[in-house]
Amino acid sequence: MAEPLEIVTAIDAALSDGPLKGKRIVVTSGPTHEPIDPVRYIANRSSGAQGTAIARALATLGAEVIFVTGPADVPPPERVTVVKVETAQQMLEAVQGALPADAAVFAAAVADWRVASASNSKIKKTKGGLPVLEFAENPDILATVSQMEQGRPGLVVGFAAETDDVVENATAKRARKGCDWIVANDVSHETGIMGGAENDITLISDAGAEDWPRMSKSDVATRLAERITQALA
Ligand code: C5P
């Protein structure tokens, strides 16, 4: 049986009157944590702020949002079904478990690699010895869902955080992964975007590259949610 909160959220979404009423949207957000041993892990600096704002904006427009989140700095929004995960593998399974959906937005900063053989017990510090970690590639959740032959969401949106040649790299990424849109941003240090409150977006789609003016992450979320609403109408 579904969790009580999930039932309440689903009822809430069903009763809402927004333009996304009746639409089910999966959103990933936050970093992933890839264990080294039971007390140590590899992580990244994603705060989860942009993904959280997108989930909130979609829920505000009436969507039923399944919010699959890694360990983020910001709390999850209200009125969404929250699925908490730690690793990329868990995130993939949670996303697959949340399908079918009308749309999926992949805003999570998924670790590209995991430690191939994470230890079940704490790795001890030994005199003169250093641990050697071997890595294995994580599944690419965006590419996996974009390339589903059956049951692919009608609209799949990915992100591209770039430091150079933003449009070229993001356009190539869109083709490589097979998603419909890429929300590209320049995360060079001097932009202050990583960890900041604002974002500077170029939306890459079939129609080409569309520059958005610099705006708050919450305004980016509202604008993206409006575009998703138009696309799903
Ligand atoms: O390849 P890169 O990490 O730059 O791609 C970023 C996009 O791909 C984001 O939308 C991110 O959520 C998604 N991604 C994913 N699974 C991965 C790596 C990235 O879903 N393993």
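Computed from a prediction, not measured in an experiment: that's the story for all the values here. Counting convention: from 1, in listed order, for ligands and their atoms alike. Residue numbers run from 1 in the order of the sequence given.
The N/O atoms of Ala160, backbone and side chain alike, include none that comes under 3.5 Å of an N/O atom in ligand 1. Considering backbone and side-chain atoms together, Val110 places no N or O closer than 3.5 Å to any N or O of ligand 1. An N or O contact shorter than 3.5 Å is missing between Ala109 and ligand 1 by distance. Of the N or O atoms in Phe159, one or more lie within a sub-3.5 Å distance of an N or O in ligand 1. Looking at Lys177 next to ligand 1, an N or O pair under 3.5 Å apart turns up.
Side-chain contact between Glu86 and Tyr41: absent, with no pair of heavy atoms (C-beta onward) separated by less than 4.5 Å. Side-chain contact between Ile25 and Leu232 is present, with at least one heavy-atom pair separated by less than 4.5 Å.
A donor-acceptor contact under 3.5 angstrom links the side chains of Asn138 and Glu34, judged on distance only. Side-chain atoms of Glu226 and Gln230 form no donor-acceptor pair, as typed in the model, at a separation below 3.5 Å.
Those atoms of ligand 1 with a heavy atom of Phe106 less than 4.0 angstrom away are 9 (C), 10 (O), 11 (C), 12 (O). Using a 4.0 Å cut-off to heavy atoms of Pro139, the atoms of ligand 1 that qualify are 16 (N), 17 (C), 21 (N). The distance from ligand 1 to the heavy atoms of Gly158 drops below 4.0 Å at these ligand atoms: 10 (O).
Comparing Ala184, Ala108, Gly30 against atom 12 (O) of ligand 1, the shortest heavy-atom distance belongs to Ala108. Between the choices Val156, Asp112, Val157, the shortest heavy-atom distance to atom 3 (O) of ligand 1 belongs to Asp112.
Under a cut-off of 6.0 angstrom, the local environment of CD in Glu78 is sparse, with at most 12 non-hydrogen atoms contributed by other residues, nucleotides or ligands.
Residue contacts with ligand 1: Asp140 is included, with a non-hydrogen atom under 4.0 Å away. In this structure, Lys173 has a heavy atom closer than 4.0 Å to ligand 1.
Within the model, atoms CG of Leu203 and CG of Asn185 stand 11.5 Å from one another, a figure rounded to the nearest 0.5 Å.
Salt bridge present: Asp206 and Arg174 bring a charged side-chain N and a carboxylate O closer than 4.0 Å. Here Asp180 pairs with Arg152 in a salt bridge; the nearest charged N to carboxylate O distance falls below 4.0 Å.
Here the heavy atom of the protein found nearest to atom 16 (N) of ligand 1 is Ile141 N, 3.0 Å. Considering only non-hydrogen protein atoms, atom 20 (O) of ligand 1 sits nearest to Leu142 N, 2.8 Å.
Judged purely by atom type and a 3.5 angstrom limit, Ser188 has no side-chain atom pairing as donor or acceptor with the backbone of Glu190.
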